[in-house]
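All chains are named by letter (A, B, ...) in the order of the sequence lines, taking the proteins before the strands, and each is independently numbered beginning at 1.
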Amino acid sequence: MIRGLVRFVDQRSGGAPFVRKALRYVFPDHWSFLLGEVALYCFMLLVATGVYLTLFFDDSRSATTYHGPYEPLDGATVSRAYASVLHLSFQVKAGLLMRQTHHWAANLFIAAIVLHMLRVFFTGAFRKPRDLIYLLGLGMLFSAFLEGYLGYSLVDDLLSGMGLAIGYSVAMSIPVVGAYLAMLIWGGPFPGSADFWPRMYIAHVLILPLVIATLLALHLTLVAARHHTQFRESPRTTERQVVGVPTFPGQAPRSIGLMLAVFAVLFLLGGLVQINPVWLWGPYHVGDATNGAQPDWYLGWLIGGLRLMPGFDVTIGHYTLIPNPFWGGVAFPLAVLLVLALWPWAERKVAGDDAFHNLLERPRDNPWRTALGAAFVTWVFLIFVSGSGDRIDVWLGIDYVAQVWVYRIAALVLPVAVFFVTRRVCRELVAWEVLRRDMPGS
Amino acid sequence: MTRVKDFLIAAVVLAFGRRRPSRARPAAPRVVSAGTPDRRAENVVLGLFAAAALCAAAFIAFYALDRLGSQTQWLGLARGLSFALLAVACMVIARRLVVAEENAHPYPEPEHPDEQQTIEQIVEESGSRFTRRKLIVLAGSGAVGTLGLAALTPAASLGPALDTEQLDRTPWRRGRRLVDDAGQPIAAADIEEESFYTAYPEGASRELLGSPLVVVRLPKPRGIVAFSKICTHAGCAVSLYRKPTFAQTEPRPALVCPCHYSTFDPADGGKVLFGPAGRPLPQLPLFVDGDGNLRAAGGFTGRIGPSWSGVRQR
């Protein structure tokens with residue numbers, strides 16, 4: 001049976017040598033190497049649940065009157081898009097399960113990418129020859145931000161409308177070309193022409209998924225071509241030799257098990273934990289907004305950036321040159337992207353290290369990188385937290401205005417402090433190790 | 001009984017096992033290292049498979065049941081559990097039933113200098129018949145670049161990019177009546193202090209950034225004021241009214257946008273009191289008509305909506 005199948009495939013594809021090699025490809029074993037896989041499995045589930053959702057979603061913002069089982073909105077004027085989401089949530093069997101699972105998967109997808117990237121950064125896995133793999137991953141992260149934003153914008157509930165108004169204002173705020181750009185994307189002044197919804201839709205269900213899938217394919221191909229990195233665990237793990245579990249039979253059941261576990265968690269969340277109940281938010285109209293609206297977690301850093309900026313527009317005479325949202329909505333994410341994208345090259349130059357690296361460093365082994373990375377993460381994280389300042393005001397009673405001042409100062413001071421503390425901790429840890437190793441009788 | 005069993009086994013063997021005598025393969029050395037069987041683990045895996053199948057069947061049953069309450073929850077539970085049980089089965093297989101191997105493999109060559117050189121040579125030598133290489137490359141890039149530009153040109157059809165006049169569009173003109181959510185005119189006498197009203201232009205679209213208004217009655221200076229409801233920072237609706245409930249400690253009344261908490265002073269022409277907004281909220285002058293209803297006395301005092309490069313500040 002097996003022999004017959006193998007022979008059939010080999011005679012028609014000539015793939016036996018490749019498959020034999022692939023089956024015995026070696027995976028170094030460390031829990032942190034699974035984070036990227038979690039992201040991969042989230043993406044697979046996103047595509048699967050997303051395709052199901054497209055079968056019921058209507059990508060039109062034209063007005064209709066809602067009549068359906070959700071009584072509080074019965075008779076309300078809503079868009080077809082919003083009505084179709086209500087229909088899919090309340091009348092399509094398993095529709096709500098798919099929608100909520102899709103939304104949870106999006107949240108976990110980006111969380112897994114971020115954690116994966118932190119692992120890659122703090123262990124130096126991005127160094128030559130894997131800098132390109134890292135860049136592709138970064139491209140996926142930023143595509144995923146946009147993809148997620150478009151996903152919840154499509155629903156046309158109050159939250160998505162507010163998010164789109166902000167997106168429009170951020171596009172408008174780009175110096176010189178902003179207004180032209182926004183008019184092109186929206187097809188006219190906000191809330192845009194009738195073409196805008198199909199544009200968002202095709203970007204969300206085709207263009208960006210294709211972009212992510214292409215980057216993913218390149219990412220994985222290059223990983224396989226250059227092989228995995230590994231920690232220095234035994235005398236056998238060296239720069240020239242990779243040690244680990246073969247794809248088959250060792251790695252396959254683990255990896256499939258992880259995939260099934262990711263699916264399990266997401267479907268349990270999708271079924272049991274409510275997310276984005278758009279019927280409670282209600283439909284969007286230009287003149288409506290609600291207090292305490294929070295976007296999906298992965299946009300929190302941008303909200304924070306917009307909120308922390310002191311209030312000024314850069315002007316020439318009576319004319320605006322740079323509107324305020326530019327700083328938090330464009331300059332800040334661009335700065336983060338640039339720092340992350342240029343890091344491997346900058347580090348190579350500054351450290352004068354042009355060598356190939358297959359062995360990972362522990363964070364403590366490279367105090368400078370770890371400290372700078374920790375400072376950078378602190379900076380972004382503080383701005384992220386400030387995006388929830390209004391919720392903190394409500395939950396903990398800490399005055400919002402006072403919070404804003406604390407964040408503004410902390411975002412400047414705390415990263416510096418974190419840098420010095422982290423560098424010291426790294427050095428102490430290494431010193432302690434050396435001490436312990438040299439102690440007699442250890 | 002035993003005879004019947006023997007007979008059945010023989011029949012099965014004859015029926016299925018008769019196809020061809022297995023060719024004797026030369027005994028190859030093992031590739032995957034050997035290990036001892038673990039029947040207990042196998043039993044666990046079998047049990048988990050059965051339970052996963054049961055949960056998957058339950059999903060189908062829950063799906064088919066029309067009168068089921070909390071259907072989404074039951075469906076999610078059934079499907080989630082079936083995946084979870086399969087996941088555990090995989091873990092058991094990975095830990096107990098598959099041999100634990102630790103293989104070593106050389107990393108691929110960092111680079112291939114010979115091939116690199118050959119590739120370079122191929123490219124170089126292929127162009128040896130060209131005499132004006134730089135010019136050809138320049139002209140070629142020019143052609144491709146222009147073609148690219150031509151390919152991008154239709155993107156201009158996406159929207160009226162240069163028509164920024166449209167951004168200032170507002171239906172508010174002198175004499176236009178303010179109406180409420182239900183389309184009824186708003187009587188000045190009905191506007192109360194410490195309350196917050198949204199108004200729209202009568203007989204015009206409400207879905208323009210230039211349409212919605214906030215209307216409040218101020219204690220000091222006394223009177224009714226109206227502002228564009230669209231925040232000058234990021235285009236959200238200014239839908240919070242901070243009214244002084246305890247005058248000693250609470251600051252003066254203010255209009256607040258819930259998106260980024262830009263705070264505007266309705267008593268001072270919509271001046272920014274706090275938050276990221278860079279310019280005041282545009283005010284709409286009002287008058288009270290003969291019927292006691294509110295009407296616009298003119299256009300806004302400034303540009304409505306979020307700022308852009310070139311917009312006038314006031």
Side-chain angles (χ1 to χ4, degrees), chain A residues 26 93-94 96-97 162 165-166 168-169 172 175-176 178-180 183-184 186-191 227 236 240-243 245-246 249-250 253-254 256-257 260-261 263-264 267-268 270-272 286-291 306-307 309 311-313 315 318-321 323-325 356 358 401, chain B residues 32 63 72-73 75-77 79-80 83-84 86-87 90-91 93-94 98 101-108 110 158-162 164 166-167 169 198 206-209 212 229 233-237 239-240 258-261 272 274-279 306-314:
Chain A
V26 166
K93 268 192 197 178
L96 184 58
L97 174 68
M162 290 165 70
I166 297 170
Y168 171 79
S169 308
M172 291 266 286
V176 186
Y180 312 135
M183 295 275 268
L184 277 186
W186 268 264
F190 191 79
H227 248 278
R236 294 178 72 206
R240 304 178 144 270
Q241 174 175 276
V242 55
V243 175
V245 186
R254 293 185 195 190
I256 295 171
L260 295 166
F263 290 178
F267 274 113
L268 285 173
L272 301 177
V286 166
D288 292 344
T290 174
N291 196 19
L306 288 168
R307 283 183 177 175
M309 241 3 243
F312 66 88
D313 285 351
T315 57
H318 288 297
Y319 291 90
T320 305
L321 180 65
N324 191 284
F356 277 75
N358 290 322
V401 177
Chain B
V32 178
Y63 184 89
T72 301
Q73 283 82 348
L75 288 173
L77 198 65
R79 180 168 285 197
F83 275 125
L86 274 187
C90 279
M91 306 295 173
I93 290 175
V98 158
E101 296 174 283
E102 195 182 65
N103 290 9
H105 193 77
Y107 271 111
L158 286 175
L162 300 178
T164 48
Q166 283 197 39
L167 293 170
R169 209 168 45 181
T198 299
R206 295 176 174 202
E207 302 293 322
L208 293 172
L209 287 184
K229 201 180 174 182
H233 172 240
C236 285
S239 52
L240 302 174
C259 281
H260 311 103
Y261 296 98
V272 182
F274 174 77
R279 59 193 178 94
S307 298
W308 75 92
S309 263
V311 72
R312 226 183 127 80
Q313 283 275 311
R314 274 244 79 149

Query raised in the report: Has the side chain of Asn324(A) got a donor or acceptor atom that lies under 3.5 Å from a matching backbone atom of Pro276(B)?
Result: yes
Query raised in the report: Any side-chain heavy atom of Leu209(B) within less than 4.5 Å of one from Pro189(A)?
Result: no
Query raised in the report: Are any non-hydrogen side-chain atoms of Val286(A) and Leu208(B) less than 4.5 angstrom apart?
Result: no
Query raised in the report: Once you round to the nearest 0.5 Å, how far does CG of Asp313(A) lie from OG of Ser309(B)?
Result: 9.5 Å
**Report entry** Minimum heavy-atom distance between Gly80(B) and Ala264(A), given as atom pair plus value
**Finding:** O-CB, 3.3 Å
**Report entry** OH/Tyr180(A): more than 12 non-hydrogen atoms of other groups inside 6.0 Å
**Finding:** no
**Report entry** Within-4.5 Å side-chain heavy-atom neighbours: Leu77(B) and Leu268(A)
**Finding:** yes
**Report entry** Interface moiety of Val26(A) toward chain B, non-hydrogen atoms closer than 4.5 Å
**Finding:** side chain
Report summary line: Taking every heavy atom of Arg236(A) against every heavy atom of Asn103(B), the minimum-distance pair comes out as NH2-C, 4.3 Å
Report summary line: d(Leu167(B) CG, Phe190(A) CZ) to nearest 0.5 Å is 12.5 Å
Report summary line: Met183(A) and Ala161(B) have their tightest heavy-atom pair at CB-CA, 3.9 Å
**Report entry** Part of Phe274(B) within contact of chain A (heavy atom distance under 4.5 Å)
**Finding:** side chain
Report task. Over all heavy atoms of both residues, which pair between Pro253(A) and Cys90(B) is shortest? Give the atoms and the distance, please. Result -> O-CB, 3.4 Å
Query raised in the report: So how far is it from His227(A) NE2 to His105(B) NE2, rounded to the nearest 0.5 Å?
Result: 4.5 Å
Report summary line: Comparing Gly275(B), Pro110(B), Gly235(B), Gly310(B) against chain A, the one with the most heavy-atom pairs below 4.5 Å turns out to be Pro110(B)
Report summary line: ring pair (Phe, Tyr, Trp, His ring centres under 6.0 Å) filter on Phe263(A), not counting sequence neighbours, yields Phe83(B)
Query raised in the report: Using a cut-off of under 4.5 Å for heavy-atom pairs, which of Met309(A), Met162(A), Lys93(A), Gln241(A) has the most such pairs with chain B?
Result: Lys93(A)
Report summary line: Looking only at Pro106(B), Pro212(B), Pro108(B), the option with the highest number of non-hydrogen pairs under 4.5 Å against chain A is Pro108(B)
**Report entry** Residue pair Pro249(A) / Glu101(B): nearest heavy atoms and the distance that separates them
**Finding:** CD-OE1, 3.4 Å
Query - chain B interface, residue from Thr290(A), Asn358(A), Leu306(A) that has the most non-hydrogen pairs under 4.5 Å - result: Asn358(A)
Report task. For Cys236(B), check disulfide (SG to SG under 2.5 Å) against everything at least two apart and list the hits. Result -> Cys259(B)
Requested in this report: Mark yes or no for whether Thr72(B), through its side chain, and Gly271(A), through its backbone, hold a donor-acceptor pair below 3.5 Å.
Outcome: no
Query raised in the report: What part of Ala84(B) is in contact with chain A, defined as an atom under 4.5 angstrom from a non-hydrogen atom: side chain, backbone, both or neither?
Result: both
Query raised in the report: Going from CZ on Arg279(B) to OG1 on Thr320(A), what distance comes out if it is rounded to the nearest 0.5 angstrom?
Result: 6.0 Å
Query raised in the report: In terms of heavy-atom pairs under 4.5 Å, which option from Met91(B), Lys229(B), His233(B) contacts chain A the most?
Result: His233(B)
Query raised in the report: Could you give the distance from CG (Leu240(B)) to CG (Asn291(A)), rounded to the nearest 0.5 Å?
Result: 4.5 Å
Query raised in the report: Top residue by heavy-atom pair count (under 4.5 Å) with chain A, among Arg206(B), Arg79(B), Arg169(B)?
Result: Arg79(B)
Report task. Of all the heavy-atom pairs spanning Ser307(B) and Met172(A), show the shortest one and how long it is. Result -> O-CB, 3.8 Å
Query raised in the report: Under the 3.5 angstrom rule, does the side chain of Ser239(B) hit a backbone N or O of Ala289(A) as a donor-acceptor pair?
Result: yes
Requested in this report: Nearest 0.5 Å please: distance from the CG atom of Leu97(A) over to the CD atom of Gln73(B).
Outcome: 9.5 Å
Query raised in the report: What part of Arg240(A) is in contact with chain B, defined as an atom under 4.5 angstrom from a non-hydrogen atom: side chain, backbone, both or neither?
Result: backbone
Query raised in the report: Where does Val272(B) contact chain A at under 4.5 Å (heavy atoms): side chain, backbone, both or neither?
Result: neither
**Report entry** Side chain / backbone / both / neither for Leu75(B) at chain A, heavy atoms under 4.5 Å
**Finding:** both
